[in-house]
Each structure stands twice: as C-alpha cells, then as structure tokens.
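Model, not experiment: these values are computed from the prediction.
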Amino acid sequence: MKDEDKSQAQLIEELQLLRNHLKDYKQNQTRYIQFLDECEELMTEHFDIYYHAHDMVVSIDMESEKVLWCNRAVMKALGYSRAEIVGHPTFKLYHQNCVEDAKKLFRVIAETGEIHDAEQTLRKRDGGTINVSLNATTVRDENGNPTEARFDWRDTTRHAGEIDGLRAENRQLKQRLSSNRPQNPEVFSEIITQDPEMYSIFSQVESMAGSSNPMLITGETGVGKEKIAAIVHKLSGRRGEFVPVNIAGVDDMLFSDTLFGHEKGAHTGADSARHGLVEQASGGTLFLDEIGDLGTESQTKLLRFLQEGEYRHLGEDTPIIGDVRIVTASNRTIESLRESGNFRSDLFYRLEIHHIHLPSLRERVGDVPLLLSHFLKRTAAELNKKTPTPPPELFTLLATYHFPGNIRELEGMVIDAVSGHKGGVLSTEPFRLKIDEHTSVSPGDGAPEVGGISFSDTLSLLRELPALKEVQDRVIAEALERADGNQTIAARLLGMSKQALNNRLNRARNSNKVG
C-alpha cells in the first residue's frame, strides 16, 4: 500500500514503529561503540610496550589492507586522530609518490612474512612528510595464511638528528675531559676537594649540563648528589626553578599527585586544585632523589612522561606539555635492581643517557683534611666560637675510618665536637666515640677488600700458608703504618684494646732481645 493510500492512523503507527527502530539502533550503536572502546582499552593494555613505544607501530589487516590499531607515536608524528587512522586504508598514510612502492612491499611481506630496513615516506596531516625505515612481521592462521601485519616505522630524520646531537655532545665531552679542569670553577666552589677524579667529574657535569636529556647521579649516601644536581641546573641555563623531591616511600597514588597535580574533587581530600612539581619546575629542572625506591606503577608513569613529554592532572583528561628536565639520583645500584626485575629496563636506559657517579669519601681520603678544616671554620662561626685547632692524630684517625655516611657524616662529627669544645686544642674523643659506634670490634668484620681481592682469596693464592705469628706481626706492622705510629688508632684498626696491643709489642721486643 502506498503512503498516500494509508489513513492518518496507519501513518502515525508506522512513524512510531520507525521511531522505536531508530531508538533501538541508537542504543545498539552506543553499546557497540562502548564495546569497541573496551576492546581498544584491553588492546592498549595488551600492547602496552608498543602503545608507548618511541617508534611508530601499526597493525594492519592483510585482506582489507586497513589499519586495525596504531600506537600513540603514529598519531603524534603524523597529526591524525585515532579515528582518522584506524579502519582506513593503510596507504592513506603514505606520500602519493610512494604508494605504489608501498603496495609492492606489502605483497613481499605477505609472501615472505617479514621485511627489514625498507625506506618509505609517510604523509602528515598538514601535508608534510616523514622519512621512515620499515620493519614488518606477519601473523598467520593455522593454514599458514597471513592475517595480520605489524609495521614498525622509525623516523630516520629524527633518529639522524639524535645521533648528530649525541656526537656533538661526545666531542664536547672529550674536549672538556682533556683539560681535566672545570671551565666554571666558581660554580663548584661549595664542593671542597683537591681530588683529580672530582675535577674530572666537574668537567663531565659541565659537558652534560646543557643537554635536555635525563641525567642519573649515583653514589653512596652523603656524597653530595643533590649538590651536583643543583649545579647541573645552574649550568644548564634553564630559566625555571630547581625543584628537588625525595620519592623514597612515595606510593603510586601520591607519586602522580605530587608530580602531576590534581583537579578539585579528583580524590578524597582534593578540596581544591593543586599544581604538581612538574608544573612548578616548568622551564627548569626536577630532581628526583632515591629513584631506586620508585614503585613499579610509578616507574611506568614516569616512563610515559619521559616518552611523550605530556602529563595530565588527576581528574582531568586534557594533556599538558611538560617542559622540564629530569635529573635523578640513587644510593642504590640501579643496574642490579634492573637485573633483578625491580626496575624497568626501558626506564633505566632513558634515565642513564647521562650518568655521573660520585666517589665515596674513603676513595678521596686526601680531601679529609680540607673538609675537616672547612667544617671546623663554618661550625665555629655558626656557634660564635673561635675555630679550634685539630691535633695531628685526628687527621690520622679520620684517614683510617671508612665513613659509611661520607661527607655528611664527617660534618655531623665536626658539629658534635665543636659544640662541646671549650677551648684550646680540639679533643679527638668525640670523633673516636662516633667512630666506635659504627665500627665492629671483631677484627674480620666488614674488612674491605684490597684491590678487589678478599682476604680468603689472597690466602688461596699462596702455595704455603705463613706461620700464625708471622701473619700477626705483619698485620700489626701494617696497622701501625696506617695509623702513623699511633697505637690507639692502630689498636682500633685491629679490633683490640690499646693495652692488648702494647702487651703484644712488648712481648715481640723481648723476644727479639732474647733471640
């Protein structure tokens, strides 16, 4: 029946049916889109390593030659949205002059299952182009037919620029290191040293400071990692702030909030919007201390920020460009954490693009007198006292100590000693008490290796073991030499009382007289 032959009631009834169908269609469409979004989210999690990869990655249906999936790098490099890429012909992404060659390569991939280092040119949304190197592999069904291909495009233009930049930095570093003296000594004035290795490190710092790449500073507690980080910022010429933060014990939620900030109502207690430290350090340097303690989820968040250069406030979807240089530090061995699976390898390699390792105080024992004099003067001035005179045996005592707390520990010793000092020559007793607190009385406990060889390894190299008395005599002689003849210090090194050492020495003298 034609519409013109239908009654008004029939037309209204049919119209209502059409409206219901349209409503059902819209509801089904909404559920379908939601289903696709959920699938995409699951796929993103599954392909996390590809989704956040530095190179561009796409998954292509071999039959339709359309894009099934793409990672963030593709959208960022080419300027298309995901909707403009996924579901569309792959060759839409190629420059028109390269489409035919790309189709030929696609057929080669279908036949061979892979291809490596093929040069191609992609088309950006704004009309520009990107030269890439293609690596591709296929997925096949149970009959061996290719069903899907994964394309990995590397931006050769950017890659070449990165290499040129690294080469330039390398040349600059070699020039700086050849002089072995910093070009800006005034910047390092707060670091008291006469050690050649420290001067070499200063030259390294100067060479690396101008880079925008991350830097990792390692070394034991108390060696001055934050000072070096602050100097890096000062030399970098960056106009923003130097913002330090210790992330030890910071959980994953607090890490995101601390670094990236939040919007009002983002979580319980978020009564107002809050800027994160990345925003505070914008245009400057963000120093993350104790990076080795960072949790797994927080490591992933930091890696994404370093890769993408973008972040989001908690409770906000709009990305923000982060103009900040990341400098990290750790007193733990990141390499061992990486090997044990407690630290992401991809994050480790990004943070370690520039690496500075600071030596312990026992590795620069020649700086102890300088540091002692510096801390004595500064502490006395702060306490409004006359600078005390250190006795010669104090230098010997400190030179034999291993300083687990390094420079910070020495400074604490000086503050304690000067606070109780009443005049004249400074007493060694406060230093001795502090040292005894951290030194085992057992002779073999914590004994350092010599040249990387342990005492047991040294003995294993001997064809014949020496007599016990000979070993004792040699060890006592070595302790006295290290203590510059001071029996009190030598006895402490040997883990015995001064009286016991004196008795051994007297018996040895008497034995020699009798002999």
Counting distance only, does the side-chain N/O of N184 pair as donor-acceptor with the main-chain N or O of E186 below 3.5 Å? no
How close do R332 and G292 get, heavy atom to heavy atom, and via which atoms? NH1-O, 3.4 Å
Has Q299 got a side-chain atom pairing as donor or acceptor with L294's backbone, closer than 3.5 angstrom? yes
Quick one: does N135's side chain have a donor or acceptor within less than 3.5 Å of a partner on D117's backbone? yes
Cationic tip of K234 within the cone over F242's six-membered ring, i.e. under 6.0 Å and within 45° of the normal? no
Distance alone, cut at 3.5 Å: any donor-acceptor contact between the side chains of T147 and D141? no
So, taking the atom named CD1 in I326 and the one named OG1 in T285, what distance separates them when rounded to the nearest 0.5 Å? 9.0 Å
I'd like to know if R338 and E335 make a salt bridge, using a cut-off of under 4.0 Å between side-chain N and carboxylate O. yes
Note, L254 side chain near D252 side chain (heavy atom, < 4.5 Å): no
Could you tell me whether the side chain of S211 and the main chain of M208 form a donor-acceptor pair under 3.5 Å? no
Side chain to side chain donor-acceptor pair (under 3.5 Å) between T138 and E114: does it pass, once the steps are laid out? CA-CA 6 Å; T138 60; E114 61 182 10; over 6 Å; no
Distance-minimising heavy-atom pair for R364 and I192: NH2-O, 3.0 Å
Please name the pair of heavy atoms, one in G222 and one in N406, separated by the smallest distance, quoted to 0.1 Å. O-CB, 3.5 Å
State whether a side-chain donor-acceptor pair under 3.5 Å links N331 with T221. yes
Is there a donor in the side chain of S133 and an acceptor in the side chain of E119, or the other way round, less than 3.5 Å apart? no
Do you see a donor-acceptor pair shorter than 3.5 Å between the side chains of S200 and E197? no
State whether the side chain of D367 and the backbone N or O of Q194 hold a donor-acceptor pair below 3.5 Å, judged by distance alone. yes
Please report the C-alpha distance between E206 and L235 in whole Å, then the side-chain angles of each, then the deciding distance to 0.1 Å, and finally whether the side chain to side chain contact (heavy atoms under 4.5 Å, CB included) criterion is met. CA-CA 7 Å; E206 285 182 322; L235 288 170; 3.9 Å; yes
For the backbone of Q204 and the side chain of S207, can you confirm whether one donor and one acceptor N or O come within less than 3.5 Å of each other? no
Could you please spell out the steps behind the side chain to side chain contact (heavy atoms under 4.5 Å, CB included) verdict for V327 and L288? CA-CA 6 Å; V327 177; L288 304 178; over 6 Å; no
Quick one: are W153 and V57 in side-chain contact, heavy atoms under 4.5 Å? no
Taking atom types as modelled, is there a side-chain donor on T300 or R344 under 3.5 Å from an acceptor on the other? yes
Within the 4.5 Å heavy-atom criterion, are L78 and I130 side-chain neighbours or not? yes
Could you check, using the six-membered ring where one of them is a Trp, whether F188 and F202 have ring centers closer than 6.0 angstrom? yes
Evaluate the criterion side chain to side chain contact (heavy atoms under 4.5 Å, CB included) for residue pair D61 and E148; output intermediate values, then yes/no. CA-CA 5 Å; D61 181 76; E148 184 181 333; over 6 Å; no
Ignoring hydrogens and geometry, is there a side-chain-to-backbone donor-acceptor pair from S59 to W69 under 3.5 Å? no
Are any of the side-chain heavy atoms of M215 and T328 separated by less than 4.5 Å? no
With the side chain counted from C-beta on, respond yes when V67 and H88 share a heavy-atom pair under 4.5 Å apart, and no when they do not. no
For S256 versus L314, what's the shortest heavy-atom pair and its separation? CB-CD2, 4.1 Å
Supply the atom-to-atom distance S298 OG to I291 CD1, rounded to the nearest 0.5 angstrom. 9.0 Å
NZ (K66) and CG (L68) are apart, to the nearest 0.5 Å, by 10.5 Å
Can you see whether T218 engages H357 through a side-chain donor-acceptor pair at a distance of less than 3.5 angstrom? yes
Measuring from I228:CD1 to F287:CZ, what's the distance to the nearest 0.5 Å? 10.0 Å
Closest non-hydrogen atoms of D293 and A248, given as atom of the first, atom of the second and distance, are OD2-CB, 3.4 Å
Find the distance between NE2 (H233) and CZ (R325) and round it off to the nearest 0.5 Å. 11.0 Å
Could you check Q120, K103, E100, R123 and say which one makes a side-chain hydrogen bond (donor to acceptor under 3.5 Å, both in side chains) with Y94? Q120
Is it the case that D195 and T193 place a side-chain donor and acceptor less than 3.5 Å from each other? no
Look at the rings of F260 and Y311 and say which category their plane angle falls in: under 30° parallel, 30 to 60° tilted, over 60° perpendicular. parallel
If the threshold is 4.0 Å, N to carboxylate O, is there a salt bridge linking E220 and R362? yes
D257 CG to R274 CZ distance, which is reported to the nearest 0.5 Å: 5.0 Å
Are any of the side-chain heavy atoms of N71 and V58 separated by less than 4.5 Å? no
Sequence-distant partners of R238, side chain to side chain donor-acceptor pair (under 3.5 Å), two or more places apart: D323
Look at atom CD of E65 and say whether more than 12 heavy atoms of other residues, nucleotides or ligands are closer to it than 6.0 Å. yes
Flag the pair E308 and R72 as a salt bridge only when some basic side-chain nitrogen lies within less than 4.0 angstrom of an acidic carboxylate oxygen. yes
So, for E310 and P319, which heavy atoms are closest and what is the spacing to 0.1 Å? OE1-CB, 3.7 Å
Could you go through the side chain to side chain contact (heavy atoms under 4.5 Å, CB included) check for L134 and D152 one step at a time? CA-CA 6 Å; L134 167 68; D152 187 337; 5.8 Å; no
Side-chain donor-acceptor pair present, E363, S360, cut-off under 3.5 Å: yes
If the threshold is 4.0 Å, N to carboxylate O, is there a salt bridge linking K301 and E297? yes
Knowing that exactly one of R125, K124, K92 qualifies, which makes a salt bridge (Lys or Arg N to Asp or Glu O under 4.0 Å) with E84? R125
